[in-house]
**Student:** 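For reference, the structure I am asking about is given below.
Order of the sequence lines sets the chain letters (A, B, ...), proteins ahead of strands, with each chain counted from 1. These numbers come from a predicted model, not from an experiment.
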Amino acid sequence: MLALTSRIPPGRVSTYRLIAEAMNTRAYRAVGAALHKNINPVTVPCHRVCNSDGSIGGYSGGVEKKIALLMQEGVEVKNGRIVDFERRLFRVF
DNA sequence: ATATTGACATTTA
DNA sequence: ATAAATGCCAATA
């Protein structure tokens with residue numbers, strides 16, 4: 001699962017749901033839970049994962065940090081929502 | 001092995 | 001539009 005998460009290209013975002021679906025499961029919660037407990041630095045950029053409705057969700061170091069990182073990558077985040085969320089959604093090929 | 005919980009999602013009011 | 005309730009499946013304890 002971490003492989004999937006780390007597969008997200010920069011400037012692009014994904015959702016817990018998509019990741020779960022990509023691994024042929026519906027355990028979106030498990031994805032987030034696992035990441036929450038096991039933050040693999042640099043190996044897995046968890047800050048590129050958000051909720052299916054475009055909201056940021058949560059982050060270990062704080063949502064603000066996550067938003068900052070996303071902005072740094074070029075993803076505009078306004079009022080806790082990702083701009084052109086569905087367009088920036090990374091789809092596994 | 002079982003029980004509880006969770007960085008969610010979807011539906012219903 | 002928001003809020004609450006319910007479902008979901010894996011991870012942790």
**Student:** Mind listing the closest non-hydrogen atom pair of A:Asp53 and A:Ser55 along with its distance?
**Tutor:** OD1-OG, 2.7 Å
**Student:** Please give me the minimum heavy-atom distance between A:Gly58 and A:Lys66, naming the atom from each residue.
**Tutor:**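 Looks like O-NZ, 3.1 Å.
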**Student:** Over how many whole Å does the gap from A:Asn24 atom CG to C:dC9 atom C1' extend?
**Tutor:**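 Between C1' of C:dC9 and CG of A:Asn24: 13 Å.
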**Student:** Taking A:Arg48 for its side chain and A:Ile8 for its backbone only, find out whether a donor-acceptor pair lies under 3.5 Å.
**Tutor:**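 Answer holds: yes.
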**Student:** Could you tell me from which nucleotide to which nucleotide of DNA chain B, 5' to 3', there is an atom under 4.0 Å from chain A heavy atoms?
**Tutor:**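 That gives a stretch of B:dG6 to B:dT10.
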**Student:** To the nearest angstrom, how far is A:Arg26 atom CZ from C:dA11 atom C1'?
**Tutor:** 18 Å
**Student:** Testing the basics here: between A:Gly57 and A:Val63, what is the closest heavy-atom pair and its distance to 0.1 Å?
**Tutor:**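 The answer is O-CG2, 3.9 Å.
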**Student:** Minimum heavy-atom separation for A:Leu89 to A:Ser14, with atom names?
**Tutor:** CD2-CA, 3.6 Å
**Student:** When the distance from OH of A:Tyr16 to P of C:dA11 is rounded to whole Å, what number comes out?
**Tutor:** 16 Å
**Student:** Specify the separation, in whole Å, of atom CE of A:Met23 and atom P of C:dA11.
**Tutor:** 8 Å
**Student:** Send over the distance from A:Arg17 CZ to C:dG7 P, rounded to a whole Å.
**Tutor:**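 Going from A:Arg17 (CZ) to C:dG7 (P), I get 18 Å.
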**Student:** Over all heavy atoms of both residues, which pair between A:Phe90 and A:Arg12 is shortest? Give the atoms and the distance, please.
**Tutor:**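 So the two residues come closest at CB-CG, 3.3 Å.
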